[in-house]
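Since the structure comes first, as structure tokens, the remarks are kept for the end.
Just so it is clear, the values below take in all heavy atoms, side chains as well, and ignore hydrogens, waters and symmetry mates. In what follows, chains are A, B, ... by sequence order, proteins preceding strands, each numbered from 1.
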Amino acid sequence: MARITFIEPDGTPRIVEAEPGMTVMEAAVKNNIRGIAAECGGACACATCHVYVDEAWREATGHPEAMEEDMLDFAFDVREASRLSCQIKVTDALDGLIVRVPEKQF
Amino acid sequence: MTEEVIRTDAVVVGAGPVGLFAVFELGLVDVKAHVVDILDRAGGQCTELYPEKPIYDIPGLTVVTGQELSDRLMDQIKPFGAEFHFGQRVESLERLGDEGFRLTTDAGTTLECKILVIAAGGGSFTPKRPPLPGIEAYEGTSVFYSVRKMEHFRGRDVLIVGGGDSALDWTLNLQPVAKSLTLIHRRAEFRASPDSVNKMFALVENGDVSFKLGQVTKLHGTDGKLSSVTVKGADGASFEQKAEVLLPFFGLTMKLGPVADWGLNLEENLIPVDTARFETSEPRIFAIGDINTYPGKLKLILSGFHEAALMAQAAYKYVYPDKKLIFQYTTSSSSLQKKLGVL
Ligand SMILES: Cc1cc2nc3c(=O)[nH]c(=O)nc-3n(C[C@H](O)[C@H](O)[C@H](O)COP(=O)(O)OP(=O)(O)OC[C@H]3O[C@@H](n4cnc5c(N)ncnc54)[C@H](O)[C@@H]3O)c2cc1C
Ligand code: FES
């Protein structure tokens, strides 16, 4: 079990519990986190599950692969910390993860 | 534009997997169909969103990719000679009483049909609009999501944003007509075909195209006329970029679109249907696939195929009111096999 904090666009922190094996996007959708649209259901084909990973967690979550990097071209206001949450797999090591939901997903 | 009207039995709106299979089921009962899709190819979500991804729940096919499924369906429906109108969005629906319907596309094609099959899935694929404040005011005058007429861009300062094939293709195509052409992308890598990327960099080297790293954050102008944009550069510092025309290419998203204005009952952007005929609240108008809703609905390709089969039975009765439909198997019916071209 890993606890993930989503900071919603208006600044509200929402703490949810996620099972290892699911994706951060799935944890968000299951808990109705505002601002995660996930139109393609996790196929890395829509870029509407964009999040900013908290500085302290950047190493632990790793870096986007080529396909994700390509899809990030379709996201808005992409930064160093940008990830597509459907491409981050939850593990026990991510217990405590903090991600910010951008103001706009498109 | 020719005023010629295309007359046919059925028009299928949407060439997703379900719209394609509808052509098959309609074909078996001698109902001729025309298919319209805003995309420039068949397959709907399967080819637009996940062409390379595996699908595991198509009966009889252990695994098939989105692209393969679409290709196989196109192959399977070939005998019925349906005509496809790609790159066109069905805009309006007019009722012609007992005669059926008249549909008009954004390319000016007019189709008249006896029955209408809405297989519009999650809606028509539409270009994504960057969430830049006030962008709506510039759309159609300074901001464009596609290029219909190149002439429109002659002698203007054009700014293209994006790193895919659309962005690169239009950079190459519009460079000769534009007064100046700037391409802005958030990184120096591109998803576009390497050939286009090389050609673009050659133009940059020649001084014909200007390429900058960054992301547009603000638009400036008055009365729908763009004059410049603010760009956040790769180093985080912002700069101003002159632009009379902005072409943002950020991919496609599904929006219900014109179907919403056709006077049909809608429930949360879905069309309620009955589960014996998959007909909408209006006789002769059917809705199948992801666009419809009914108790127990599953948004699966499998379910859409079933809906297409039952829809075709009901459609037959409108197209051939005086005939009786005999239930037949493709395995054993020589008349069906003739239609399929296997006999
Ligand atoms: C990533 C992903 C994975 C999936 N995996 C599976 C799976 O494993 N198994 C499964 O069964 N399903 C799966 N699905 C769902 C499946 O793709 C859909 O159920 C299916 O595509 C629905 O088909 P459809 O023909 O109803 O609509 P769509 O595929 O959405 O096609 C509708 C078409 O209609 C067009 N259109 C709409 N309005 C208009 C208009 N006014 N004018 C012109 N054209 C119009 C659109 O452009 C579109 O091409 C998946 C979906 C996604 C996104
Ligand atoms: S859910 Fe579509 S890219 Fe992540």
Side-chain angles (χ1 to χ4, degrees), chain A residues 8-11 21-23 25-26 29-30 32-55 58 62-87 89 100-106, chain B residues 45-55 65-66 121-123 125-133 135 145 161-168 183-192 213-218 230-236 238 248-255 290 299-300:
Chain A
E8 291 187 339
D10 63 1
M22 67 198 289
T23 66
M25 176 280 281
E26 286 167 336
V29 170
K30 219 172 135 203
N32 294 315
I33 300 295
R34 266 170 294 178
I36 303 278
E39 278 175 22
C40 79
C44 198
C46 73
T48 61
C49 63
H50 179 201
V51 296
Y52 303 119
V53 175
D54 185 81
E55 193 60 48
R58 295 264 297 280
H63 294 282
E65 286 177 21
M67 179 175 71
E68 182 182 343
E69 200 56 82
D70 279 354
M71 200 33 69
L72 276 168
D73 284 350
F74 288 159
F76 188 70
D77 194 6
V78 178
R79 306 175 193 167
E80 280 278 301
S82 287
R83 288 294 308 271
L84 294 178
S85 56
C86 69
Q87 302 302 307
K89 271 252 176 341
R100 282 176 187 76
V101 182
E103 211 164 307
K104 296 265 171 60
Q105 291 280 7
F106 256 99
Chain B
Q45 295 174 45
C46 299
T47 48
E48 186 59 35
L49 295 179
Y50 59 104
E52 312 282 329
K53 291 232 147 67
I55 308 173
T65 66
F125 278 99
T126 357
K128 280 193 195 168
R129 162 197 277 169
L132 295 164
I135 192 166
Y145 301 101
V161 185
D165 280 308
S166 307
L168 270 286
L183 174 67
I184 289 186
H185 183 40
R186 70 174 183 96
R187 54 187 183 134
E189 286 87 51
F190 296 84
R191 271 185 337 277
L213 285 174
Q215 298 177 71
V216 175
T217 55
K218 238 189 201 150
T230 302
V231 181
K232 192 165 96 182
D235 55 0
S238 288
F249 292 110
F250 286 96
L252 305 173
T253 182
M254 295 192 98
K255 288 254 164 65
D290 278 13
K299 283 191 185 180
L300 285 179

Task: A:Phe74 versus B:Phe249, closest heavy-atom pair with distance - done: CE2-O, 4.2 Å

Open item on the list: Given heavy-atom pairs under 4.5 angstrom as the criterion, report whether the side chain, backbone, both or neither of B:Arg186 touches chain A.
Closed with: side chain

TODO: Please round to the nearest 0.5 Å and tell me the distance separating atom CG of A:Asp70 and atom CD of B:Glu189.
DONE: 9.0 Å

Open item on the list: For the interface with chain A, which of B:Arg129, B:Gln45, B:Arg187 has the highest count of heavy-atom pairs at distances below 4.5 Å?
Closed with: B:Arg187

Task: Approximate separation, where rounding is to 0.5 Å, of A:Asp77 CG and B:Lys232 NZ - done: 4.5 Å

TODO: Give, as side chain, backbone, both or neither, the part of A:Glu69 having an atom under 4.5 angstrom from any heavy atom of chain B.
DONE: both

- [ ] Check whether B:Lys53 gets within reach of chain A through its side chain, its backbone, both or neither, counting any heavy atom under 4.5 Å.
- [x] side chain

- [ ] Could you tell me which non-hydrogen atom of A:Cys46 sits nearest to which non-hydrogen atom of B:Lys128, and how far apart they are?
- [x] O-NZ, 2.8 Å

Open item on the list: Report which part of A:Ala66 has an atom under 4.5 Å of a heavy atom belonging to chain B: side chain, backbone, both, or neither.
Closed with: neither

TODO: Grab the two heavy atoms, one from A:Phe76 and one from B:Pro130, that are nearest each other, plus how far apart they are.
DONE: CE1-CB, 4.2 Å

Open item on the list: For B:Thr253, which atoms come within 4.5 Å of any heavy atom of chain A: side chain, backbone, both, or neither?
Closed with: both

